[in-house]
Amino acid sequence: MNTIAERIYDFLKNFPPFSMLSKEQLLSICKSIHVHYLEKDNDLFITGNSIKNEFYVVKDGAIGLFEEKTNSLVDKCDEGDIFGLRALMRKDNYKLSATAIEESIVYSISSELFEEYITTNSEASNYLLSSFVSNTRYIESDTSKVEKENEKILDFFEEQSADYSKNPIHCSEETSIKAAALIMTNKRVGSIIITEHKKPIGIITDKDLRTKIATGLISIEKPVSAIMSFPVITYPENITVAEAQIAMMKHKITHLCITKDGTPNTELTGLLSEHDIIVIRDNNASILVKEIKRTTSFIELQNIRQRAEKILKRYLNQQIPIIFITKILSSINDSITNHIIELSLKEMPTLPPTSFSWLAIGSQGREEQLLLTDQDNALVFENVSKEDYKNTQQYFLNLSEKINKGLEIVGFELCPADMMASNPKWCLSISEWKKQFKSWIKTPDQDNLMLCTIFFDFEFVYGDKKLVKKLSKSIFKAIDAHEIFLNFLGINALKNPPPLSFFRQFLVERDGEHKDQFDIKARAMMPLVDAARLLILSKGIDIPKNTITRYEKLAELEPQNGDIYIACIKAFKNLLRYRTEQGIMHKDSGRFIDLNTLNKANRLELKSCFKAVKEVQDLIQTRFKLSHFL
Amino acid sequence: MNWFKKKKHPPFWKLYIECFKEKQNTDLNQIRFVVFDTETTGLDTKKDRILSIGTIAVIGNIIKVEDSFECYLNQELFNPETVKIHGLLKEKSSSKIEEKEAIIQFLAHIKNAVLVAHHANFDVAMINQSLKRLNLPKLKNKVIDTGYLFKKTKLDTSKNHFSLDYLLERFKIPQHDRHTASGDAYITGILLLKLLNILRKQNSDLTLNQLIQNNNRRGLL
């Protein structure tokens, strides 16, 4: 009999990581929850406060996390969002301030309860760990570019198998403390493992020497067993960084012993310290890329692409930030395409008559394609004399056919709309391409605008980069000369307004194969993609076509609209993840969502995505003065 | 005769009385408030009986779910009219306890806390009647009425009596588990936090005594 706890349970069970706990576990957490009431502008904690022994979940209202220096809103937490996780990581002070943006009710959960139930549940702890990582990511991002790069690597590293130090320094139980300290000093290490028949039985760290020896508590002539910590925590050799971090957190230790079978009963083979985790820089995906380069047939590549799919699934499950997943998958796809082009070139009877460049277009050009879908590509070659044109084009058409076929074998289906380089329309010289783009820009009718949205997002994959640069330049020039084009592109970007009554009345497909399903691509993702493309084109800058990169650039250029663009980035990441998960679940493109699979947390996520779409569309309507066009 | 009377009191009452011997904390941020509600067979404090008691503690602006109490009582008296409100049937069940046991547990839980309820006079009178049937004196705790607190805010002076439903609506408090003792106690707890916040803004030196209704203004049941 516990009406209140059950009511809290009914609420929390809809949100990760609580949804990952058993009913009994979650109910016992609910029985000890504290309920906070905050009026608008009340603080829950402020930057620099020493951490409280609890973390928070928003029940009603909204809590803003603010960066103190700039007083900028870093994150907004509403119903079901968790924050204040720093307490669990045993950091000393809050880095952000938590202030109620609206009148709010917030639940707090003590760290002890968390340790009891959540750290022992690897799904839940992985979720929290990555939430912590993604929560903190924003904080340091306004510093220099170099640091940003480092952080991205750090953010991502948790998935890799941990690179521990082999042959750790060790000594026997009888060794004197003084002798052990001398070994540590000579070898310049901060810890030494005490072994018996090569099995680890204890460990001494610098801290033990500080707290137990330097304080005069124990004589340095005593054996190491007098001050060693034991038993040691052991793990097998294939421990991942994520597992290692969780283990250290759980046991409140900084060193893990690696043994042959992961138990203390086998030979010690390594030592993994907190420090090792920080210096790890390599990753699994790079191994795949190396393998790709060694393959000699399309079939082998198919196998590698399937392995990439597995990595994708694992990353999604581990809630690794989607932006890193896309980067990794894109680099794998790029390497595969590159290798297919090289293999195809070898099959050609002659060398290419002139330089060329292979382009990915559409979502592949934007590097937003996580699942295996249709291939979209094009080819541009250097200008040749009029009489050579036909033969040159024919050569590249033949080459493209081989490449398209190769991609098909690997798993990228042929494009049903024939947006491929083997189509004579999309295999052109640089001059012909320039002409083509100019004509689209001059006559922006419905069909041409559609083609623009696909072909404007081209990205260099293989060949002569200069050709691509020239093409980009001429496009910006053409747009400059026909400014009205941007207004048409603007109207096109607004043709899918967000469904604002999303929860009361779903906007679903009325008929056809996907009747009663929600088109996440057309209704949520394309509006964000279109808006980003338009805004970046209007700035006349040539940057990677990736939607998130575009919004990041926009936020940098227009700090006054930073909030909107950051909301768009967050929305797009969520949608991309969501679509990929749906695609994996249903083994399709993930474009159409079955409404029955939406849980409450998903709905909330979608709701905030639509808010972002609405905001950026409002901005476009004002900026391009589109109200009288609509 | 006084010492004789005292001696008659059972140990649980003595333990309860002990709690009041220490000087009570009067800092509003440290006081232990116990918000409570009773579900009853009717509104006649003399005739009707308690069917359920629910409480939850509030300390320093925080509702502590682990510091709560909930029980259902076996009662001979039954009123089909009020079943529609609280949904409690007469049927005996193993999870129900006898009135005496409920009072023992309730007193052990509240100790010397400041009691809080909406239209507290009624709930306090119901408990006092139970105590009387056990030949015990009245509750010793200080009592705060959230209905009175709202009047004190002077946000609405049109009426003298404000129902819990009206205040929940006004303060946009979601009505989960309305008309279960625990549910109402929790909701009243949220209401208490909101009202204290408003009163603190109006008067930064707010004291406990200012929150307690003057006794001779009783009688609003």
Side-chain angles (χ1 to χ4, degrees), chain A residues 1-14 18 26-45 52-63 78-80 84 98-100 102-114 116-117 600, chain B residues 33 35-37 39 52-73 86-88 93-97 102 105 170-202:
Chain A
M1 217 187 313
N2 208 323
T3 315
I4 296 166
E6 271 169 34
R7 180 57 59 201
I8 294 171
Y9 167 84
D10 281 340
F11 172 77
L12 288 182
K13 73 173 186 332
N14 299 316
F18 309 106
L26 184 51
L27 257 178
S28 10
I29 287 180
C30 293
K31 279 178 192 160
S32 305
I33 264 174
H34 289 177
V35 185
H36 303 248
Y37 165 72
L38 296 161
E39 257 193 83
K40 186 171 182 285
D41 299 330
N42 278 5
D43 299 316
L44 195 56
F45 54 77
K52 292 173 191 159
N53 199 19
E54 57 192 17
F55 72 102
Y56 305 94
V57 189
V58 181
K59 165 62 173 65
D60 293 309
I63 301 292
D78 44 31
E79 206 183 284
T99 308
E102 305 163 11
E103 189 180 33
S104 303
I105 289 177
V106 174
Y107 294 152
S108 62
I109 297 169
S110 80
S111 308
E112 282 81 24
L113 268 179
F114 162 82
E116 203 173 329
Y117 298 112
K600 195 159 180 216
Chain B
F33 295 99
V35 189
F36 80 114
D37 181 58
E39 295 301 317
S52 161
I53 306 172
T55 80
I56 192 153
V58 174
I59 302 171
N61 256 329
I62 298 167
I63 298 179
K64 314 242 170 179
V65 178
E66 77 267 22
D67 192 358
S68 63
F69 169 71
E70 183 174 22
C71 70
Y72 292 85
L73 282 68
H86 50 64
L88 299 174
S93 94
S94 56
S95 58
K96 289 185 182 176
I97 54 178
Q105 292 183 12
R170 177 176 180 116
F171 290 107
K172 298 192 179 62
I173 300 173
Q175 305 194 16
H176 290 310
D177 304 302
R178 185 83 174 87
H179 297 301
T180 65
S182 279
D184 279 0
Y186 177 78
I187 289 165
T188 310
I190 302 264
L191 179 63
L192 172 72
L193 293 181
K194 294 201 179 200
L195 291 170
L196 284 179
N197 231 309
I198 295 167
L199 289 167
R200 269 205 201 95
K201 262 196 220 155
Q202 295 173 348

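From a predicted model like this one, the values you see are computed outputs, not experimental measurements. Throughout, a chain's letter reflects where its sequence line sits, starting with A, and its residues are numbered from 1.
There is no contact between A:L38 and chain B, counting heavy-atom distances below 4.5 Å. Looking at B:I56, the atoms closer than 4.5 Å to chain A (heavy atoms on both sides) all sit in the side chain, from C-beta outward. At a 4.5 Å heavy-atom cutoff, the contact between B:L193 and chain A is made by backbone and side-chain atoms alike. When heavy atoms are compared at a cutoff of 4.5 Å, B:K194 approaches chain A by way of both its backbone and its side chain. In this structure, the portion of A:D60 lying under 4.5 Å from any heavy atom of chain B is its side chain and not its backbone.
The cationic atom of A:K52 (NZ for Lys, CZ for Arg) does not lie both less than 6.0 Å from the six-membered ring centre of A:F45 and within 45° of the ring axis.
Within the 4.5 Å cutoff, no side-chain heavy atoms of B:N61 are placed close to those of A:H36.
Rounding to the nearest 0.5 Å places CG of B:D37 at 8.0 Å from OG of B:S52.
For B:L73 against B:K96, the heavy-atom pair with the smallest separation is O-CD, 3.7 Å.
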Derivation and outcome, side-chain hydrogen bond (donor to acceptor under 3.5 Å, both in side chains), residues A:S110 and A:N53: CA-CA 6 Å; A:S110 80; A:N53 199 19; 5.9 Å; no
